[in-house]
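Treat the numbers as computed from the prediction; the structure is a model and nothing was measured. Below, each value reflects all heavy atoms present in this structure, side chains not excepted, and no hydrogens, waters or symmetry copies.
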Amino acid sequence: MAELLRRRALELASSTEHKALSQTLRRAEVELTSRVELALGESVMWRCLGDTDAESDCLRLALRTAEFVNDDMRALHLAEALYGLGYFYNARDPEQALTHLEAACQQLLVSSHHVPHIEQARLQSIYVSALAAQAFIQLRCNNPQALSLLKSALSAANECEQLTVDTQCILLKAQAEAARCNDELSEALRFRQKALVLYERVGDLREVLDSKVNLGQLLMQLGRATEGREVCKQILRMARTLCVRPEGLAGTYVAIAAADMVLGDLDSAVWHLTNVLRISQQFDLPRHQLSGLMNLAEVHFLRLKQHGEIEDERSGDEYAERARELASRLGLTQYETKAQTLKQATLNPQTATHHLLPIETSAHPGEFAKIEALRAELALPRPPAQRARTHVALSQLYLRIAAKERDAARGLMQTHSLSDLESELEALQQTWAHDGNLASQLNSRWREQVGDWLTDSQRKAVLERLLAEGSLSKSSYGEAAEVSPATASKHLGLLADKGLLEQQGRGPATRYVLPSGQNSGSRDSAAPSGSPGSMH
């Protein structure tokens with residue numbers, strides 16, 4: 001029954017009897033492990049209906065039920081529930097999604113020595129899926145760490161005797177996204193088509209529809225607008241009788257709007273993008289809402305370029321500003337910058353090259369080769385102590401790079417007699433000294449006020465992370481302090497109440513920084529030394 005719920009979720013959701021089915025499942029007298037599977041299967045049906053609350057309830061029920069399983073399968077079921085929550089948060093809160101997927105990996109590592117041999121293939125498939133899903137999300141966030149995660153997922157997949165269809169497809173999706181990020185669109189299309197064939201083979205109509213949405217978008221990016229538009233129109237026709245999940249429907253409208261823009265039908269593009277905003281706001285899909293806002297702004301700027309209507313300029317400016325604000329709340333700095341420069345880029349098109357890896361690699365190849373290896377290590381589920389040592393090693397490498405850049409500046413100053421730059425070099429030395437004093441003073445103050453919340457090693461790790469990154473999120477605090485997300489949230493609130501940290505932002509984008517006058521931006525104060533054009 002659980003397998004039926006997963007594979008036929010779209011047809012079941014489209015039936016008038018779906019609520020009766022849900023009630024029957026809840027009343028069924030089955031063992032705990034089956035209850036977990038049924039709750040996870042039912043969540044997929046509610047996902048198709050766009051009922052966020054019901055989907056979340058099912059996933060939470062699966063997690064709570066898994067916690068009561070008292071045999072060797074407990075960790076495996078916990079991992080499945082956590083993976084389901086990670087998938088749920090994918091389109092809503094990438095940070096939450098990654099947290100749950102990482103937790104799923106940890107549970108799978110715990111259970112690997114206890115799960116019966118007959119279930120080992122299932123465990124391996126879920127582990128590969130969790131790694132691939134993390135890689136996919138990180139690729140969407142343009143994080144170079146994604147490539148290491150994808151490499152690890154492919155390596156783990158090669159060691160598996162048998163992978164489920166779902167695992168094979170999430171791997172193909174991650175590979176397609178990596179190819180898309182590298183502008184290898186034909187390769188991305190090939191991976192997506194292979195996933196579509198697999199889903200059609202098992203009769204998973206829900207995933208077939210989602211695959212067609214992505215195929216339509218890729219066809220548009222390849223310049224095959226008419227072909228891509230027809231694929232998306234097929235989805236809209238199917239949506240008249242079937243429950244296409246909101247994410248897929250919003251993505252379809254985005255793809256059709258992109259085709260409209262290519263074909264010059266800007267009025268039609270506005271209509272389709274207005275539907276994107278309606279769906280994304282109704283079903284709380286911030287990433288789709290951001291895409292709708294960015295593209296609406298671009299369409300209005302294109303109409304301004306064609307007709308010079310002042311109303312289009314006003315609308316474009318409004319949508320661009322809303323996109324910038326939303327990107328800021330979501331912590332997506334790249335999209336925030338895109339929104340700020342969108343008007344100029346649309347009215348004065350420029351060619352830009354996008355890369356996943358930083359250009360500093362060529363300047364410091366030795367150090368960055370080691371940094372890449374350490375980042376790959378961090379991408380894998382590892383004990384907290386090992387992760388902490390990796391962060392220390394990274395800090396040492398970055399300090400070595402900073403020292404090289406300083407020595408290069410000093411050499412040029414001596415060769416060309418640039419004595420007027422001595423003050424800047426001295427300021428750099430004071431900055432390094434200031435950071436050392438600041439770390440010492442913060443450690444002393446936190447030791448007095450934090451009390452026994454944190455051990456000396458935990459407090460040191462948290463402060464090192466804070467000074468290195470300039471801010472802390474709930475997940476980064478929890479990782480540094482080696483505490484649960486709930487404990488991390490409680491600690492951060494108490495630290496803010498005591499005036500040791502200040503809260504910035506809301507929701508997933510919440511960060512905690514040093515209070516004004518104590519952070520590294522206050523170095524010049526008078527305080528005593530040591531105070532602290534395409535589819536988007």
Side-chain angles (χ1 to χ4, degrees), residues 2-10 33 36-37 40-41 43-44 47 59 62 66 73 75-91 97-98 100-112 115-140 146-179 188 190-211 214 379-381:
E3 180 68 10
L4 180 68
L5 284 164
R6 283 193 294 269
R7 291 290 176 225
R8 297 286 184 260
L10 190 62
T33 54
V36 174
E37 295 296 330
L40 291 172
S43 72
V44 183
R47 184 184 307 150
L59 292 169
M73 296 292 287
L76 179 59
H77 287 306
L78 282 171
E80 288 180 320
L82 288 165
Y83 179 83
L85 283 164
Y87 195 99
F88 171 78
Y89 282 113
N90 177 28
L98 290 170
H100 283 91
L101 291 169
E102 288 170 2
C105 286
Q106 292 289 352
Q107 288 292 339
L108 291 167
L109 291 174
V110 168
S111 64
S112 60
V115 170
H117 179 73
I118 195 173
E119 296 290 353
Q120 284 294 324
R122 177 179 170 188
L123 181 148
Q124 291 171 338
S125 278
I126 300 171
Y127 183 71
V128 172
S129 294
L131 287 176
Q134 289 179 68
F136 183 87
I137 294 170
Q138 295 282 30
L139 283 162
R140 285 288 174 93
L147 298 178
S148 299
L149 279 164
L150 179 55
K151 184 178 180 181
S152 299
L154 291 168
S155 176
N158 289 333
E159 297 176 5
C160 298
E161 295 181 7
Q162 183 178 2
L163 293 175
T164 65
V165 169
D166 291 318
T167 300
Q168 293 177 58
C169 288
I170 187 62
L171 266 175
L172 289 168
K173 290 176 184 178
Q175 289 174 280
E177 189 63 20
R190 185 177 67 84
F191 284 125
R192 285 288 185 178
Q193 287 171 329
K194 289 178 69 175
L196 174 60
V197 169
L198 288 173
Y199 283 131
E200 287 177 334
R201 188 175 298 166
V202 296
D204 194 328
L205 192 54
R206 175 181 62 87
E207 291 289 1
V208 167
L209 281 170
D210 283 352
S211 297
N214 287 283
L380 302 174

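Here the closest heavy-atom approach between residue Ser129 and residue Thr167 is recorded as OG-OG1, 2.7 Å. Nearest heavy atom pair, residue Ala132 against residue Ala153, reads N-CB, 3.8 Å. Residues Ala188 and Ala176 approach most closely at CB-O, 3.3 Å, considering heavy atoms. Nearest heavy-atom pair across Ala81 and Ala62 is CB-C, 4.0 Å. The two atoms that bring Cys169 and Ala195 nearest to each other are SG-O, 3.8 Å, heavy atoms only. Among all heavy-atom pairs drawn from Ala2 and Glu37, the shortest one is CB-O, 3.6 Å.
Tested against His100 for a side-chain contact (heavy atoms from CB on, under 4.5 Å), the candidates Leu82, Asn90, Leu59 yield a single pass: Leu82.
Judged by distance alone, with hydrogens and angles left aside, the side-chain atoms of Ser152 form a donor-acceptor pair with the main-chain N or O of Ser148 at under 3.5 Å. Between the side chain of Arg8 and the backbone N or O of Gly203, at least one donor-acceptor pair lies under 3.5 Å.
In this structure, CG in Leu108 is found 10.5 Å from CZ in Arg122, a value given to the nearest 0.5 Å. Within the model, atoms CG of Leu172 and CD of Gln193 stand 11.5 Å from one another, a figure rounded to the nearest 0.5 Å. Here CD of Glu177 is found 12.5 Å from CZ of Phe191. Values are rounded to the nearest 0.5 Å. For the atom pair CD of Gln120 and OG of Ser125, the computed distance is 11.5 Å after rounding to the nearest 0.5 Å. The CG atom of Leu85 sits 8.0 Å away from the CZ atom of Phe88 when rounded to the nearest 0.5 Å. Separating the CG atom in Leu131 from the CG atom in Leu171 is a distance of 9.0 Å, to the nearest 0.5 Å.
Taking 4.0 Å as the cut-off between side-chain N and carboxylate O, Lys173 and Asp166 do not count as a salt-bridged pair. No salt bridge links Glu207 with Arg6; every basic N to acidic carboxylate O contact stays at or beyond 4.0 Å.
A 4.5 Å side-chain heavy-atom check between Leu5 and Val44 finds every atom pair outside the cut-off. Inter-residue side-chain proximity for Arg192 and Leu196 is flagged as unmet; no heavy-atom pair is nearer than 4.5 Å. Within the 4.5 Å cutoff, side-chain heavy atoms of Leu98 are placed close to those of Gln138.
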| said: Quick one, Leu109 with Tyr127, criterion side chain to side chain contact (heavy atoms under 4.5 Å, CB included). Give me CA distance, side-chain angles, the key distance, then yes/no. | reply: CA-CA 9 Å; Leu109 291 174; Tyr127 183 71; 4.2 Å; yes
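No more than 12 heavy atoms of other residues, nucleotides or ligands shown are found within 6.0 angstrom of CD on Gln162.
For Gln168, the side chain to side chain contact (heavy atoms under 4.5 Å, CB included) test picks out Leu163, Leu198, with sequence neighbours left out.
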